[in-house]
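The structure appears below as structure tokens.
Chain naming here is simple, since letters A, B, ... match the order of the sequence lines and numbering starts at 1 in each.
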Amino acid sequence: MTAARTLHAQLHLLDRQVVRADDARMVSKADDLELDYDRDGRLYVSALLTGPLALGPRIGGVIGRLMVAVTTLLRPEEDPAPRRIPMRLVTDIGSALKVGGDPAEAALERWTRVHLIAPLPGSGAPAHDDEPPPDRQHRGAMRVSELLGRTVTDAEGRVVGQVADVRLSQDGHLLGPAANALRVSGLVVVPRNTGQLFGYERGPGGAGPWLVRVVVRRLHRGSRHVTWDQVESFAPSPEIRLRVPASELADLRELYSTLPST
Amino acid sequence: MKKLLGVTLGILTAIGGFVDIGDLVANSLVGARFGMSLAWVVIVGVVGICLFAEMSGRIAAVSGRPVFDLVRERLGPRTGLTNLLASFAINLLTLAAEIGGAALALELATGIDYLVWVPGVALVAWLVIWRVRFSTMERVFGLAGLALIVFAVALWQLGPDWGELGRQLTSPPESEGAPTYWYYAIALLGAAMTPYEVFFFSSGGVEERWTRRDLGEARANVFIGFPLGGFLSLAIAACGATLFLPHGIEVGSLGQMALPAAVGLGQVGLVAVIFGVFAATFGATLETALSSGYTISQYFGWQWGKFVRPRDASRFHATLLVTLIIATALILTTIDPIKVTEYSLIFSAVALPLTYLPVLMIANDPDYMGVHVNGRFSNLLGTLYMILLLVVSVAAIPLMIATKAGQ
Amino acid sequence: MRRALAVLAALAVTSCSSPAWDHHDYALKAGMTAESAASDVEFVRLAVQHEPDLTRPYLKTVLTEAAGSLSSLNDQFGAVQPPSASADAMRDQVLGLTQEAAEQVQDLLIQVRRDRIADPAGAAAALGEVGAELRAFGEAHR
């Protein structure tokens, strides 16, 4: 068996377009990822979360809270959850995330169609519209955005930095007929709040242009890679505690000199 | 002819950037005040927009992902939202101005006040977006906008002193101060590289279902469309420099800007130029309206586009409808359509780097591009333009305030 | 923050008519008014000279614009308080010229609304005179 595929939550999954596998219709953005525990007690990606209830908390601030508040107000449920697309439906992870089957339609799409677009002549809409089935309220253990940006402290309580990305490896239990679950295998920790990595930290040569790569790498020098085994606890305290001292953490650059690129 | 029909997307896109309502007047004014001394900015702008439009067209053809999709994907939801708000403001202000511009062209043609035409123009624009196929739309308005070539013919008929025009290329007139000169340099560059061009161009590529096989067509669109737009803009400036500069006329309206065509070619020229102005501003109306729908839908991941029935992209069409209504209301307040485009420069300062940086990054990402990643030349130029755009964004607002928007 | 900047910029851009502080400032304003008026007059002269090449709706539209622009220049400058009695002469000179220009353009507009311009050559010559005077004044006070 070849080495399991390694992906990064932020770089490869979050904010990618989700499309239907059979006709490339756009479904949504991957606004967040739902994490759950498998039978061995390891975290894995259980679903893509979409819609304002998933996006709002990631935007944060007044706009983010407003987004969540308005959506909560308009949804009929007592305590609405974001729309979820189970990971077993995801058939391909590339420039878009392809999902099989027929994922449920967003409430706003339905509302605008029924009340605004369908009444206009030439919209191609049928006279009536079926009521969508009610969302099954499933909630995972946490969202990946709850890990991103968290402060990381080592065994001696010193701050190592903050989480810039979550490494996932595709070696979990079987989700569907062909796909293994994406297990959380580690964290990418950057020394200070220097924004995103844009993928320039990873990969052997790294992509161009040269100047952008140099600037991004320079901003993130001293970034570390933390394997999931090195994590002592990540809840409920606001920081993620490691069970090893910072000096034992691998430099991020070692990672791509030893691993084949994905 | 078939070849020409294949590049109308590039032509329509370029018209929205180089010769929309604000730029028609600005180009003429720049010619009248600065002669040809700002022509180099147009050249710099053409090269820049060609570079990034080529990248975004290539990304759209290879991966099927349009530009604003990439902005959110690479910059994340917060920075992406900042760009979305700035870009939407540009789209909305420009859309309002273009509706006003098309109405002004009708006023020049009929003598009936432009405000009377505004609701009609907006309604027809909406009907075109609602019903007309994308390829038909792009062909009709892209080709009709080419009527502006009449400025080049008129210039030749005006019989300018070519030596004098050539001398102006390197020497700005002494009567103008350096801040105003640089303000107009930045305004022209901002207009040439205005972000909605790449939003529209890359989304148009997806609308036309470009694939790897269409990379050649994408390139042809870029390398014919945008230089043509730049050429039209230079012809208008040269007409201004020939006819208005010697008389000290400061062009401030669409009517004034059209005069050289009449002087050079008589009534035929005047009719052609009014037709061309209408086609260009109406084309830009469609471009900016669609861009506002594209950016918002792509940020949120909604189904967008004219390649599906409206019922299958209802949030996209609802966005378009609401944007058009707001823009129409804005222009009906009798706000000057030409002034409106000047304010969009403020938002360009935010949107320019935040749009072109992710394009440059993704064009280098083998996950998306496979073997079609940027070559060294594109990357070198792309980096230089990123630095230039950063300078422009930093300098735009202070210069605007210092020169009272170039007065 | 960004919105505040936009408002600031809008204010900076629109604040064209502010009070004159002293004689020099008033002279500058007078010069700028004359320059702008000269630009309008010169444009109308150019249009009238090429009257056969223009359509009536076009002529009507650009003349309406020019007439509006001249009368608003006239009103705006007329509303600025001259800083001293000695500035009154300058005020009278500029307002005299802009009024003259506005009237000439208004006359042409009336003719165009009815039919065509009766004597384009004569009108152009008259506009040329006012334009030259405005230009000379503007150049003397910049």
Side-chain angles (χ1 to χ4, degrees), chain A residues 10-12 14-19 23-31 50-52 55-56 58-61 63-64 94-96 106 108-118 120-126 129 145 195-196 198-200 203 206-213 216 261-262, chain B residues 59 62-66 69-70 72-81 85 127 130-131 297-305 308-319 321-322 357-358 360-369 373-376 378-384 386-387:
Chain A
Q10 171 97 281
L11 182 67
H12 293 114
L14 280 180
D15 300 313
R16 293 241 169 164
Q17 181 71 45
V18 181
V19 300
D23 57 3
R25 283 287 166 84
M26 290 154 230
V27 178
S28 63
K29 279 274 187 184
D31 290 322
T50 73
L55 180 61
R58 283 189 67 215
I59 292 177
I63 299 179
S95 62
L108 182 65
E109 175 81 12
R110 202 188 121 72
W111 189 90
T112 48
R113 184 178 61 245
V114 171
H115 296 275
L116 199 68
I117 300 302
L120 296 169
S123 64
D129 230 293
S145 62
Q196 283 159 280
F198 305 111
Y200 283 101
W210 174 82
L211 187 66
V212 180
R213 184 171 72 229
V216 174
S261 72
T262 51
Chain B
I59 296 168
V62 172
S63 72
R65 304 266 66 85
D69 194 334
L70 312 175
R72 159 99 189 262
E73 197 271 308
R74 207 69 357 166
L75 299 183
R78 280 161 154 276
T79 317
L81 186 67
L85 294 176
L127 281 174
W130 182 250
R131 291 299 290 173
S297 301
Q298 288 162 11
Y299 175 86
F300 289 107
W302 302 340
Q303 174 67 47
W304 52 270
V308 296
R309 285 171 305 175
R311 63 151 289 164
D312 294 323
S314 55
R315 283 172 294 188
F316 169 70
H317 277 281
T319 310
L321 194 57
V322 171
L357 181 64
L360 186 60
M361 284 175 165
I362 301 267
N364 276 291
D365 189 335
D367 278 4
Y368 275 78
M369 303 304 291
V373 289
N374 268 1
R376 274 196 186 174
S378 292
N379 272 342
L380 179 68
L381 264 185
T383 311
L384 289 177
M386 276 320 301
I387 296 169

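- Under the rule for a side chain to side chain donor-acceptor pair (under 3.5 Å), the partners of E109(A) that lie at least two apart in sequence or sit in another chain are S314(B), R315(B).
- Minimum interatomic distance between V27(A) and Q17(A) (heavy atoms only, all atoms of both residues): N-NE2, 4.1 Å.
- Shortest non-hydrogen contact noted between R58(A) and A30(A) is NH1-O, 4.3 Å.
- Within the 3.5 Å criterion, the main-chain N or O of L360(B) finds a donor-acceptor partner in the side chain of N364(B).
- When each of L357(B), D69(B), I59(B) is scored by its heavy-atom pairs under 4.5 Å with chain A, the top score falls to D69(B).
- Using a 4.5 Å cut-off between heavy atoms, F316(B) does not touch chain A at all.
- Proximity to chain A is limited to the side chain of W130(B), based on heavy atoms less than 4.5 angstrom apart.
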Would K29(A) and D15(A) satisfy salt bridge (charged side-chain N to carboxylate O under 4.0 Å, His left out), going step by step from the backbone distance to the final call? CA-CA 6 Å; K29(A) 279 274 187 184; D15(A) 300 313; over 6 Å; no
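- In this structure, chain B has a heavy atom under 4.5 Å from the side chain of I63(A), while its backbone stays farther away.
- The part of R131(B) that comes within reach of chain A is its side chain, from C-beta onward, which places non-hydrogen atoms under 4.5 angstrom from that chain.
- Ranking V62(B), L380(B), D312(B), L321(B) against chain A, the residue ahead of the rest is D312(B), based on heavy-atom pairs under 4.5 Å.
- When heavy atoms are compared at a cutoff of 4.5 Å, A313(B) approaches chain A solely by way of its backbone atoms N, CA, C and O.
- Chosen from G60(A), P52(A), P121(A), the residue pairing most often with chain B at heavy-atom distances under 4.5 Å is P121(A).
- Between the side chain of R311(B) and the main chain of A118(A), no donor-acceptor pair closer than 3.5 Å is present.
- Proximity to chain B is absent for every atom of V18(A), based on heavy atoms less than 4.5 angstrom apart.
- Residues forming a salt bridge (Lys or Arg N to Asp or Glu O under 4.0 Å) with R78(B) (at least two apart in sequence, or on another chain): none.
- Of the atoms belonging to L55(A), it is side-chain heavy atoms, and not backbone ones, that fall under 4.5 Å from chain B.
- Of the listed residues V19(A), L211(A), L120(A), the one with more heavy-atom pairs under 4.5 angstrom with chain B than any other is L120(A).
- Proximity to chain B involves both the backbone and the side chain of L108(A), based on heavy atoms less than 4.5 angstrom apart.
- Contacts between S63(B) and chain A at a heavy-atom distance below 4.5 Å involve backbone atoms as well as side-chain atoms.
- The only option from I59(A), T50(A), L14(A) that meets the side-chain contact (heavy atoms from CB on, under 4.5 Å) definition with D31(A) turns out to be T50(A).
- Between P358(B) and R74(B) the shortest heavy-atom distance is CB-CB, 4.1 Å.
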